[in-house]
Amino acid sequence: MADTNFGANRRARPGASAATINFMTKLKKTWMGIVVACAVAVGTQAQEQAGTGTLEFTAYVSPSGAKPEPVRDFTFYLLTKSFEEIKHEIEEKNGAPDREKFIAALKLSPELKEWMKAHDVLDLTMPGLDKLLTAEDILGVPELLLAYQRSNSGGVTSGIPKPKYRDADKTERPERYEKEHQEYLTALKKFIQSHPETVAGIELELDGINPGRKWAEAQNGYKKRVRQQAPMQAQTKYLVKRVDTSLEGTARVSRLPAGKYWVSTLDLEAGAGDSRLIWDVPVTIQAGQTTQIELTNLNSTEATKNQ
């Protein structure tokens, strides 16, 4: 009978088992929540103690007259030094071509060298050169005078003075040569001042002695060395992390030691429409915090202007 009553009593309280299960389920969820909260707290505390933080950034390019577009699947470089400063280091190490030394080594007259220095001109065939030249410049620089004479020779220019002196008189009759030479220069000066249009086209006669090409080659070679060495040095000496953006143009780097960094594209261009941008943006990471920045046209440099 006792066994029967016991069985009856168990059947008489069906809700007791369900209540117990519900209680245990709630208790389990509560403990799980506590464990998760503790884990987050411990993780944050560990991050703060380790002195690390997180960087999150989004990159957009805005073409002219269009909406910003995310920079998708693009590699950014987190550096401990500005890429611009790295390039300056390379430039100083390689030594930019020296204009003064370059001009001094040219096989040109001292007068033309001085004119080039004074006017900061190395390309004697550049458009608009005739606008820089005065009658005094043409008469005072042998190469310019010869180019002017050639440009206006063969009956092209009517009324231009013609020299009366002979080269032979320079040794046989030096006084006569000097007198007639000065008369010619005086007359030619007045003619040039009265007919400035006759200077146009003089640059065509200077192509054979133009040092502009050699200077451009020296400049291009120097820039090429910098372009090759700077990215290499940035990635071997100053690189912290490479990170690729998502399809939404976002990226995240965690566990960064607190300090200052630069988010850089090196010499790589991010483009959309007519915009070609490069970034070299400073960012400060603080321990236990997530730093968020946006890379846009406003904090970028136009690639064409940077070259």
Side-chain angles (χ1 to χ4, degrees), residues 29 32-90 227 229-307:
K29 290 182 178 180
M32 288 180 64
I34 295 174
V35 169
V36 171
C38 290
V40 172
V42 170
T44 302
Q45 184 178 9
Q47 189 178 59
E48 290 176 351
Q49 290 176 350
T52 64
T54 299
L55 170 65
E56 293 179 351
F57 66 88
T58 306
Y60 294 98
V61 176
S62 299
S64 298
K67 294 181 179 180
E69 296 183 16
V71 180
R72 302 179 177 91
D73 195 24
F74 193 89
T75 302
F76 283 82
Y77 300 80
L78 193 63
L79 307 176
T80 56
K81 191 169 189 174
S82 166
F83 186 62
E84 284 300 312
E85 292 184 18
I86 295 172
K87 286 200 293 186
H88 289 323
E89 285 183 354
I90 301 296
R227 286 196 300 268
Q229 296 178 25
M232 185 181 300
Q233 181 158 321
Q235 295 180 72
T236 56
K237 190 175 179 180
Y238 301 104
L239 180 65
V240 177
K241 185 78 174 180
R242 291 187 190 87
V243 58
D244 294 335
T245 55
S246 66
L247 295 179
E248 290 74 35
T250 62
R252 188 174 190 272
V253 184
S254 58
R255 291 188 293 180
L256 287 171
K260 189 172 184 178
Y261 301 88
W262 278 262
V263 181
S264 176
T265 56
L266 304 185
D267 276 335
L268 301 176
E269 305 171 9
D274 59 349
S275 293
R276 294 292 181 272
L277 308 180
I278 60 175
W279 282 280
D280 190 38
V281 179
V283 59
T284 299
I285 300 300
Q286 298 181 356
Q289 296 187 18
T290 297
T291 301
Q292 296 179 328
I293 61 171
E294 279 193 352
L295 304 177
T296 66
N297 292 49
L298 298 178
N299 54 10
S300 69
T301 302
E302 283 285 350
T304 53
K305 296 179 181 178
N306 189 68
Q307 300 300 323

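The first residue of the sequence shown is numbered 1, and numbering continues consecutively from there. Everything quoted here is computed from the prediction, not taken from an experiment.
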Would L79 and L266 count as a side-chain contact (heavy atoms from CB on, under 4.5 Å) here? Give the steps. CA-CA 10 Å; L79 307 176; L266 304 185; 4.0 Å; yes

d(L277 CG, E302 CD) to nearest 0.5 Å is 5.5 Å

Tell me every residue that passes side chain to side chain donor-acceptor pair (under 3.5 Å) with R252, counting only those two or more places apart in sequence or in another chain. E56

Using the test side chain to side chain donor-acceptor pair (under 3.5 Å), find all partners of Q235 that sit at least two apart in sequence or belong to another chain. R242

Who pairs with E248 by salt bridge (charged side-chain N to carboxylate O under 4.0 Å, His left out), at least two apart in sequence or on another chain? none

Closest non-hydrogen atoms of V61 and G271, given as atom of the first, atom of the second and distance, are CG1-C, 4.4 Å

Ignoring hydrogens and angles, tell me if any N or O in the side chain of D267 forms a donor-acceptor pair with the backbone of P231 under 3.5 Å. no

Please name all residues satisfying side chain to side chain donor-acceptor pair (under 3.5 Å) with T250, sequence neighbours left out, ordered by chain then number. S246

So, using side-chain contact (heavy atoms from CB on, under 4.5 Å) as the criterion, who are the partners of Q229 when residues are at least two apart? I90, N94, R225

If the condition is ring pair (Phe, Tyr, Trp, His ring centres under 6.0 Å), which residues does F57 pass it with, not counting sequence neighbours? F76

Taking side-chain contact (heavy atoms from CB on, under 4.5 Å) as the definition, give me every residue that meets it alongside K241, ordered by chain and number, with sequence neighbours left out. L78, V253

What heavy-atom pair brings E89 and Q233 nearest, and what distance separates the two atoms? OE1-NE2, 3.3 Å

S62 backbone acceptor or donor facing S275 side chain under 3.5 Å: yes

If you apply the rule side-chain contact (heavy atoms from CB on, under 4.5 Å), what do you find for V263 with Y261, and how did you get there? CA-CA 7 Å; V263 181; Y261 301 88; over 6 Å; no

Give, for atom OH of Y60 and atom OG1 of T245, the distance between the pair rounded to the nearest 0.5 Å. 11.0 Å

Are any non-hydrogen side-chain atoms of T52 and L256 less than 4.5 angstrom apart? no

Please tabulate, for the side chains in residues 279-288, all donor-acceptor contacts under 3.5 angstrom to protein atoms that are two or more places apart in sequence or on a different chain.
residue: W279; atom: NE1; partner: T296; partner atom: O; Å: 3.0
residue: W279; atom: NE1; partner: N299; partner atom: OD1; Å: 3.1
residue: D280; atom: OD1; partner: F83; partner atom: N; Å: 3.0
residue: D280; atom: OD2; partner: S82; partner atom: OG; Å: 2.6
residue: D280; atom: OD2; partner: F83; partner atom: N; Å: 3.2
residue: D280; atom: OD2; partner: E84; partner atom: N; Å: 3.3
residue: Q286; atom: OE1; partner: Q289; partner atom: NE2; Å: 3.3

How many angstroms lie between atom CD1 of I86 and atom OG1 of T80, to the nearest 0.5 angstrom? 7.0 Å

Taken in chain and number order and not counting sequence neighbours, the residues that satisfy side chain to side chain donor-acceptor pair (under 3.5 Å) with D73 are none

